[in-house]
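If you read the sequence from its start, that first residue is 1, and numbering goes on from there. The figures that follow rest on heavy atoms only: side chains count, while hydrogens, waters and symmetry mates do not.
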Amino acid sequence: MMGALSDSEIVAELFGENDVRHAFRSTPRKLVVLTTAELIDDMNAQLAKAQLTDKVETRVWSASQDALAEEAIDSYVVFAPSQEEEILAALGEASPKLHGFYRDFYPRAACFGWARPAPKGSERIDFGYAILSTARSGSTLLSELMALNGLGRPKEHVRHPLATSLTGPHAQARFARFLEVASRYATYDHVLGTKIISHFADGVVDAVDASGVLAFLRELPDFRLVLIMRQNKVAQGLSGWRARQSKTFHIRSADDLQNYKSAPPVYNYAEIAERYEWTVAEEDRFLESIASFTRALGGAAPPLAVCVYEELESQLAAETARLLEFLGRPNPTPDVNVRIQKL
């Protein structure tokens, strides 16, 4: 579980996330981060490390700041994890370009949607669902199958940066705002699809109040859950170890396959055994978290279907059709022409 981090530690944590780096890079012209004097050196170091200094400038914020409308600047983003709300309040409505990192920037960045409008069909959500899994248990395959059959584009919207926001007196308001904004940017053609991987959700489940989830589910009465599990834990652990060693987590093209094969594994059985033990323990912990949260939601807990990866792989069309039926979008002849290949 992720413990409480200082603002300085949060800077490093955030820049380790591809969605944050991608959002900064996708800003059309330039973005200014307004931060505190204590954090500016840390920010500059991380921006340099990520090669983002041409896209992002940092400034120490000031209550008398009157330069929030420079024509060459696309956006001003307040980044001060423990002080964001207070700084935004002090700046008031200084500029329509002014945003809070947790209030505005990250909910869209988590959906790779910072620099684009909300997707087509996001103005109304007909129904939503979440795929739940531990790492290397087939969630990417299942996500591609759902997307192929018109059920949104489920991706990992709940990641470590969300957990860093859920501390202090503003935690629940930040969580509600994340759900509000991210759900729009994760909705395609009126379907909200998301994916929750156990280790990415570390810190989130313990930090959020069930009332926040209940309020969200009231707006989505047809929300459902699909839990995908892998029976062969040795294969799952080995897949995780191999992906980390090769730095190839998914194969979707001939180039991906070539890169994966270009570095033959040097097997370290102690590391593989450790990964196997982590995999087993992680699934046990995740299942208990799901059960605990389901109990907290009571009668409002969404319906849940279980999918076994080995059965999905061996009976691709039949299992896909079964899950589409569960999700209320029956299709006896689903499209199963996925690009993802097994690692």
**Asked** Taking all atoms of both residues into account, what is the closest heavy-atom pair of Pro302 and Phe223, and its distance?
**Response** CB-O, 3.3 Å

**Request:** Could you check Arg174, Arg177, Lys97 and say which one makes a salt bridge (charged side-chain N to carboxylate O under 4.0 Å, His left out) with Asp104?
**Result:** Arg177

**Message:** Using ring centroids (six-membered ring only for Trp), state whether Tyr76 and His99 fall under 6.0 Å.
**Reply:** no

**Prompt:** Step by step, would you call Glu9 with Val11 a side-chain contact (heavy atoms from CB on, under 4.5 Å)?
**Reply:** CA-CA 5 Å; Glu9 289 171 324; Val11 174; over 6 Å; no

**Request:** Output yes when Asp19 and Arg21 qualify as a salt bridge under the 4.0 Å nitrogen-oxygen rule, no when they do not.
**Result:** no

**Complete:** Applying side chain to side chain donor-acceptor pair (under 3.5 Å) to Thr27 and not counting sequence neighbours gives Trp114

**Request:** Say whether Leu88 and Ile73 are linked into one hydrophobic cluster, either directly or through other cluster members, by side-chain heavy-atom distances under 4.5 angstrom.
**Result:** yes

**Asked** How many angstroms lie between CG in Leu132 and CD1 in Ile228, if you round to the nearest 0.5 Å?
**Response** 10.5 Å

**Prompt:** Is there side-chain contact between Ser137 and Met229, with heavy atoms separated by less than 4.5 Å?
**Reply:** no

**Request:** Hey, could you give me the CD/CE distance between Glu38 and Met43, rounded to the nearest 0.5 Å?
**Result:** 14.0 Å

**NZ/NE/NH1/NH2 to OD/OE distance under 4.0 Å, Glu17 and Arg159** = yes

**Message:** Between Phe293 and Phe175, is there shared hydrophobic-cluster membership here, with clusters defined by ILVMFWY side-chain heavy atoms closer than 4.5 Å?
**Reply:** yes

**Message:** Quick check: do Pro332 and Leu324 have side-chain heavy atoms less than 4.5 Å from each other?
**Reply:** no

**Message:** With a 4.0 Å cut-off on N to O distance, would you call Arg184 and Glu123 a salt bridge?
**Reply:** no

**Prompt:** Rounded to the nearest 0.5 Å, how far does CZ of Arg29 lie from OG of Ser75?
**Reply:** 9.0 Å

**Prompt:** Mind checking whether Phe286 and Ser133 have side chains closer than 4.5 Å, heavy atoms only?
**Reply:** no

**Item:** Lys/Arg N to Asp/Glu carboxylate O, Arg285 vs Glu288, below 4.0 Å
**Value:** no

**Asked** At what distance, to the nearest 0.5 angstrom, does CD of Glu319 lie from CG of Leu142?
**Response** 9.5 Å

**Asked** Taking the inter-plane angle between the rings of Tyr102 and Phe79 on a 0 to 90° scale, is it parallel (under 30°), tilted (30 to 60°) or perpendicular (over 60°)?
**Response** tilted

**Request:** Output yes when a side-chain donor or acceptor of His190 lies under 3.5 Å from a complementary backbone atom of Arg124, and no otherwise.
**Result:** yes

**Request:** Could you tell me which non-hydrogen atom of Ser139 sits nearest to which non-hydrogen atom of Ile131, and how far apart they are?
**Result:** CB-CG2, 4.2 Å

**Prompt:** Is the backbone of Val308 close enough, under 3.5 Å, to the side chain of Gln231 for a donor and an acceptor to pair up by distance?
**Reply:** no

**Request:** Given side-chain contact (heavy atoms from CB on, under 4.5 Å), test Leu312 with Leu145 step by step and report yes or no.
**Result:** CA-CA 10 Å; Leu312 178 65; Leu145 287 166; 3.9 Å; yes

**Complete:** In terms of heavy-atom contacts, Ser82 and Asp7 come closest through OG-OD2, 2.9 Å

**Request:** Verify the cluster assignment for Leu34 and Ile87: are they in a single hydrophobic cluster under the rule of side-chain heavy atoms below 4.5 Å apart?
**Result:** yes

**Message:** For Glu274, I'd like to know if atom CD has over 12 heavy atoms of other residues, nucleotides or ligands within 6.0 Å.
**Reply:** no

**Message:** Are Tyr106 and Phe216 connected into the same hydrophobic cluster when the rule is that any two of I, L, V, M, F, W, Y join if their side-chain heavy atoms are below 4.5 Å apart?
**Reply:** yes

**Request:** Could you walk me through whether Tyr129 and Arg329 pass side-chain contact (heavy atoms from CB on, under 4.5 Å), step by step?
**Result:** CA-CA 12 Å; Tyr129 69 99; Arg329 294 294 190 273; over 6 Å; no

**Heavy-atom check, side chain of Lys233 versus side chain of Tyr276, under 4.5 Å** = yes

**Request:** For residues Leu192 and Phe127, determine if any side-chain heavy atom of one lies less than 4.5 Å from a side-chain heavy atom of the other.
**Result:** no

**Item:** Shortest non-hydrogen separation from Cys111 to Arg116 and the atoms involved
**Value:** O-NH2, 3.1 Å

**Asked** So do Trp278 and His199 actually touch side chain to side chain, heavy atoms under 4.5 Å?
**Response** yes

**Asked** Between the main-chain N or O of Val20 and the side-chain N or O of His22, is there a donor-acceptor pair closer than 3.5 Å?
**Response** no

**Request:** Hey, could you give me the CG/OG1 distance between Leu166 and Thr164, rounded to the nearest 0.5 Å?
**Result:** 7.5 Å

**Message:** Test side-chain contact (heavy atoms from CB on, under 4.5 Å) on Glu310 and Asn232; report intermediate values, then the result.
**Reply:** CA-CA 8 Å; Glu310 286 82 356; Asn232 190 334; 3.5 Å; yes

**Message:** Between Glu282 and Ser198, does the side-chain hydrogen bond (donor to acceptor under 3.5 Å, both in side chains) criterion hold? Intermediate values first, please.
**Reply:** CA-CA 8 Å; Glu282 178 71 1; Ser198 60; 2.6 Å; yes

**Prompt:** Say you draw a straight line from CD of Gln83 to NE2 of His170; how long is it, rounded to the nearest 0.5 Å?
**Reply:** 10.0 Å

**Message:** With ring pair (Phe, Tyr, Trp, His ring centres under 6.0 Å) as the criterion, how do Phe24 and Phe15 come out once you've worked through the C-alpha distance, each side chain's angles and the decisive distance to 0.1 Å?
**Reply:** CA-CA 10 Å; Phe24 281 133; Phe15 276 88; 5.7 Å; yes

**Message:** Do Val226 and Leu148 sit in one hydrophobic cluster, given that two such residues count as connected whenever their side-chain heavy atoms are within less than 4.5 Å of each other, even indirectly?
**Reply:** yes

**Prompt:** Do Arg59 and Glu57 meet the salt-bridge criterion of a basic N to acidic O distance under 4.0 Å?
**Reply:** yes

**Complete:** Closest non-hydrogen contact found for Ala23 with Ala109 is CB-CB, 3.6 Å

**Item:** Which atom of Cys307 lies closest to which atom of Arg322, heavy atoms considered
**Value:** CA-NH2, 3.9 Å

**Asked** Is the closest side-chain heavy-atom distance between Val32 and Thr58 below 4.5 Å?
**Response** no

**Message:** Are Lys30 and Asp74 packed together at the side-chain level, in the sense that at least one heavy-atom pair is separated by less than 4.5 angstrom?
**Reply:** no

**Asked** Would you say the side-chain atoms of Arg224 pair up with the backbone N or O of Phe326, donor to acceptor, closer than 3.5 Å?
**Response** yes

